[in-house]
Amino acid sequence: ELKVEQNPLFLSMQEGKNYTIYCNYSTTSDRLYWYRQDPGKSLESLFVLLSNGAVKQEGRLMASLDTKARLSTLHITAAVHDLSATYFCAVDLNNDMRFGAGTRLTVKP
Amino acid sequence: DGGITQSPKYLFRKEGQNVTLSCEQNLNHDAMYWYRQDPGQGLRLIYYSQIVNDFQKGDIAEGYSVSREKKESFPLTVTSAQKNPTAFYLCASSTGQADITEAFFGQGTRLTVV
């Protein structure tokens with residue numbers, strides 16, 4: 001059974017600081033996604049990672065995938081308040097897509 | 001515009017009633033999903049469908065039913081057997097093919113039992 005674990009579940013950061021969110025999963029898969037959710041809203045796609053060693057960057061966010069370690073990371077550089085949201089990773093195994101519990105990020109001035 | 005549409009946005013149900021949540025997509029996607037999200041929690045998979053006339057149970061299928069008679073549509077029925085249905089329900093779709101893209105989500109339906 002595919003299980004996806006994220007940590008930390010809650011993250012409070014100062015503006016300008018760096019931090020990494022981790023996503024571990026239990027079964028071999030080469031399809032991993034990162035999403036952002038603002039309170040009361042739906043999910044917005046951030047990154048699609050489809051192969052071992054894949055790295056993608058958008059603004060202050062960078063995501064990577066290590067399929068051998070079954071690990072993806074979402075790195076935040078020089079955080080700003082606008083990044084406050086909940087971030088989810090999701091792993092796709094033959095169209096059975098499971099989500100981590102989410103990391104609730106709060107960026108404080 | 002291509003996209004995925006859920007309706008209604010808000011839904012109130014009396015105890016003992018069945019209600020159906022609509023999900024329609026015009027992205028020509030093969031795979032569709034239903035997730036439940038409780039306040040402050042992650043997403044839990046209810047059902048998913050990889051192709052028309054086929055669907056599989058997710059982690060929390062009890063008390064729910066689905067159908068996939070058309071590629072564009074994947075309605076979810078919350079039955080009276082679901083004892084705690086108050087939650088935010090999200091529908092998603094993806095290509096389901098090897099040239100995978102991410103899943104796209106609808107705006108969600110907030111269901112409340114009154």
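Lettering follows sequence order; numbering is per chain, from 1.
Separation of atoms CG (A:Asp96) and CG (B:Asp59) is listed at 7.5 Å; rounding is to 0.5 Å. The distance from the CZ atom of A:Arg98 to the OH atom of B:Tyr48 is 6.5 Å, given to the nearest 0.5 Å. To the nearest 0.5 Å, atom OH of residue B:Tyr33 and atom CG of residue A:Asp92 are 5.0 Å apart. Rounding to the nearest 0.5 Å places CG of B:Leu43 at 8.5 Å from CE of A:Met97.
No continuous path of ILVMFWY side-chain contacts below 4.5 Å connects A:Tyr87 to B:Phe104, so the two sit in separate hydrophobic clusters. Under the 4.5 Å side-chain heavy-atom criterion for ILVMFWY residues, no single connected hydrophobic cluster contains both A:Tyr33 and A:Leu65.
Atom CD of B:Gln56 has more than 12 heavy atoms from other residues, nucleotides or ligands within 6.0 Å. In B:Glu62, the CD atom is not crowded: 12 or fewer heavy atoms of neighbouring residues, nucleotides or ligands sit closer than 6.0 Å. Counting non-hydrogen atoms of neighbouring residues, nucleotides and ligands closer than 6.0 angstrom, the CD1 atom of B:Ile51 reaches no more than 12 such neighbours. Atom CZ of A:Arg36 is surrounded by more than 12 heavy atoms from other residues, nucleotides or ligands within 6.0 Å. The local environment of CD in A:Gln14 is crowded, with over 12 non-hydrogen atoms from other residues, nucleotides or ligands closer than 6.0 Å.
Scanning all heavy atoms of the two residues, the minimum distance from B:Gln41 to A:Phe88 falls at O-CZ, 4.1 Å. Annotation for B:Phe105 and A:Ser42: closest pair CB-OG, 3.3 Å, computed over non-hydrogen atoms. Residues A:Gln37 and B:Phe88 come closest through the heavy atom pair NE2-CE2, 4.1 Å.
For A:Tyr35, the part sitting under 4.5 Å from any heavy atom of chain B is the side chain, from C-beta outward, and nothing else. Looking at B:Arg44, neither its backbone nor its side chain comes within 4.5 Å of chain A, counting heavy atoms on both sides.
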